[in-house]
Each structure stands twice: as C-alpha cells, then as structure tokens.
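Working notes, structure below.
Counting convention: from 1, in listed order, for ligands and their atoms alike. One is the number of the first residue; the rest follow in order along the sequence.
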Amino acid sequence: MNQKKIAAEKAVEYIQDGMKVGLGTGSTAYYAIVRIGERVKQEGLRIQAVATSKASEKLALEHGITLTPFERLDRLDLTIDGADELDSQLRLIKGGGGALLREKITAFHSDLLLIVADEGKLVPSLGAFPLPVEIIPFASEWTLSALEKLGCRAELRKDESGHLFISDNGNYIADCKFGIIEFPEQLQKQLKGIPGVVEQGLFIEMADKAFIGRDDGSVDVLDNNIK
Ligand code: 5RP
C-alpha cells in the first residue's frame, strides 16, 4: 500500500472550489499536487495556488495547476504539506527537502495546515530525524558552532554530487543531530536567537490536522486539539 499516496489524496478531498491553496514540497506532497491536478482536469476545480519550492512550482505547472503570484493573495485557506517527523501534539520536524523557510512562511499565512505522511513519520518524541536549520552562508562556521553549543552535532547538507546544498533562497542547510528533543518550544526560541539562522525546521502549533496513511489502506486523521 502506498501510504504517502492515500494520505495525500485524503487531504486533497478538503479542497473546495474557489479555495486558495498552498502546495507543499517532498515525496508525499507530490501525490497531493498530482491529485489536485487531476481534480482540476476532471472536475473543473478552480483554485488559486502557490508553491513552497521551485520543485513544487514545476510539478504544479506540469499537472495543469496555474500558480497565482503571492502578492495577489492575502491569506490561504489551506496548505497541504509533508513532514519528516510528527508527534501526537502535531509538532513537526520539516525541511528534509530543504524547503522549510518557504514552507513555514506559507503555513503561517494559511488558515489550515494539513500534514500528509506515512505512518513511519509519527513518533513518540521528535529528534531522531536531524533538525534542518537554514543558515546564511556568511560566516557559516560560526553559526554552526553556535548551533553546536545548543547540544547538537551540526553538519552542512550536501547534494547528490557532494557539493554544498543551496536552498531555493540561496542559503545553506545545517542538519542538526540533537537526538530526542525534550523541549521543542524551548529549542525553537534558542535557535531563533542565533544570528545567521534564517529559519529552523520545528513547526509548533502550526499543523491543524495530520493524515497518516496505514498499510491496511486506512488513513488516520489526527486533529490538533491544542491549537
Ligand atoms: C521539505 C519538507 C518535506 O515536507 C519533508 O521533508 C517530508 O518529505 P517527504 O514527504 O518526501 O518524506 O519539509 O522541506
């Protein structure tokens, strides 16, 4: 069973005609974009869409989804995006695909953030997945050392050819191995205090619902009761 696909397709059912929609990034958001494209073609669904990465922009256009410039929209009705990890409070680690900054900006301006994931992403505590942090290239070694003072091992991400990974915004991504993150809210504040950190991959009190695909073909829908 393709858990990512069934989770993504369930979330796409929430999109109604006329909505303003944010398109996430990654291999699970991929299925959401493909399904939205099908609904546009088959049902004549009309939406105004923005994308959270250059890759998702391209994918959307290939699937017949017209993109609207950000400045033409004040808010979005919903965004559908993936996650690298999520816990039962719908706190997330994101940025495995390097799109965390655009994803967070888009999520912040969305009335609803719908997370789509396979069941392996649901964890008791965040942190087994190294926390992605987007940093400015200037004096990046200093920024890395400030990150490590928070108790992690921080490494600049490389691409498949071994070159430094550059985000869509021209920045580096530091993958920070903290191990289990006991107090994500506190860590978020500490990360924000480091000059050179543009954004970090903890998404707290942002997700409204999570759609978790299971091997038996079912999709669990988790609600954020805290937000
Ligand atoms: C990209 C992200 C993705 O949503 C996250 O990495 C999950 O990706 P996938 O669905 O491929 O596992 O945050 O920056």
Side-chain angles (χ1 to χ4, degrees), residues 1-12 21-36 49-60 63 76 78-87 90-110 112-123 126-135 155-160 164-177 181 184 188 191 197-204 206-215 219-220 222:
M1 181 57 62
N2 187 335
Q3 298 181 2
K4 296 183 181 197
K5 185 168 187 279
I6 56 175
E9 292 186 346
K10 186 80 190 162
V12 170
V21 176
L23 306 173
T25 295
S27 60
T28 318
Y30 164 89
Y31 290 109
I33 295 173
V34 170
R35 180 68 195 122
I36 293 169
V50 297
T52 54
S53 61
K54 290 182 183 166
S56 293
E57 259 173 43
K58 182 167 175 284
L59 186 65
H63 286 267
L76 300 175
L78 59 85
T79 290
I80 301 178
D81 205 349
D84 299 299
E85 281 186 349
L86 69 153
D87 71 9
L90 302 195
R91 297 181 293 191
L92 318 171
I93 287 185
K94 286 184 53 53
L100 65 130
L101 173 59
R102 295 186 182 201
E103 290 171 338
K104 198 174 272 188
I105 293 171
T106 306
F108 183 84
H109 294 281
S110 299
L112 285 178
L113 174 60
L114 308 184
I115 295 300
V116 290
D118 54 278
E119 60 188 343
K121 303 285 183 59
L122 190 57
V123 294
L126 301 177
F129 192 91
L131 180 68
V133 178
E134 180 154 350
I135 67 172
E155 263 178 37
L156 288 182
R157 186 177 297 179
K158 303 241 172 78
D159 63 20
E160 310 83 53
L164 281 177
F165 177 91
I166 307 291
S167 75
D168 283 350
N169 317 299
N171 297 316
Y172 295 158
I173 302 288
D175 289 308
C176 299
K177 292 185 186 152
I181 300 173
Q188 167 170 262
L191 290 165
V197 168
V198 181
E199 194 46 87
Q200 52 79 34
L202 288 166
F203 284 49
I204 296 172
M206 294 193 90
D208 295 279
K209 281 182 190 295
F211 298 79
I212 310 293
R214 303 280 185 193
D215 240 354
V219 177
D220 286 353
L222 312 181

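Residue contact check: Asp81 has heavy atoms under 4.0 Å from atoms 4 (O) of ligand 1. Residue Gly26 has at least one heavy-atom neighbour below 4.0 Å for each of these atoms of ligand 1: 11 (O).
With hydrogens and angles left out, the side-chain atoms of Gln3 and Glu119 include a donor and acceptor closer than 3.5 Å. A donor and an acceptor atom, one from each side chain of Thr106 and Thr52, are nowhere located under 3.5 Å apart.
For atom 12 (O) of ligand 1, the closest non-hydrogen atom of the protein is Lys121 NZ, 2.7 Å. Of all protein heavy atoms, the one closest to atom 5 (C) of ligand 1 is Asp84 OD1, 3.2 Å. Protein heavy atom in closest approach to atom 10 (O) of ligand 1: Thr28 OG1, 2.5 Å. Thr25 O, 3.2 Å is the protein heavy atom nearest to atom 3 (C) of ligand 1.
Here atom 13 (O) of ligand 1 lies nearest to Gly95 when heavy atoms of Ser53, Ala8, Gly95 are compared. Residue Ser27 holds the heavy atom nearest to atom 9 (P) of ligand 1 of all those in Ser27, Gly82, Gly96, Ala99. Nearest-residue assignment for atom 2 (C) of ligand 1 (options Glu103, Glu85, Glu134; heavy-atom criterion): Glu103.
Counting non-hydrogen atoms of neighbouring residues, nucleotides and ligands closer than 6.0 angstrom, the OH atom of Tyr30 reaches no more than 12 such neighbours.
Using a 4.0 Å cut-off between heavy atoms, Ala83 contacts ligand 1 through its backbone alone, with no side-chain atom that close. If you look at Val116 next to ligand 1, there are no close heavy atoms at all, none under 4.0 Å.
Evaluated for a side-chain contact (heavy atoms from CB on, under 4.5 Å) with Phe211, the options Asp220, Leu222, Val116 yield exactly one hit, Val116.
Remark: Lys104 is positioned above the aromatic ring of Phe203, its terminal NZ or CZ atom under 6.0 angstrom from the ring centre and at most 45 degrees off the axis.
Checked against a 3.5 angstrom limit, the closest N/O atoms of Gly97 and ligand 1 fall inside it. Below 3.5 Å of separation, one finds no N or O of Ala29 facing any N or O of ligand 1.
We find that Asp84 and Lys94 are not joined by a salt bridge, their nearest charged nitrogen and carboxylate oxygen being 4.0 Å or further apart.
The two residues Asp168 and Lys54 make their nearest non-hydrogen contact at OD2-N, 2.8 Å.
Annotation: side chain of Arg102 is in contact with side chain of Asn169 (closest heavy-atom distance under 4.5 Å). Residues Ile36 and His63 form no side-chain contact, since every pair of their non-hydrogen atoms from C-beta on lies 4.5 Å or further apart.
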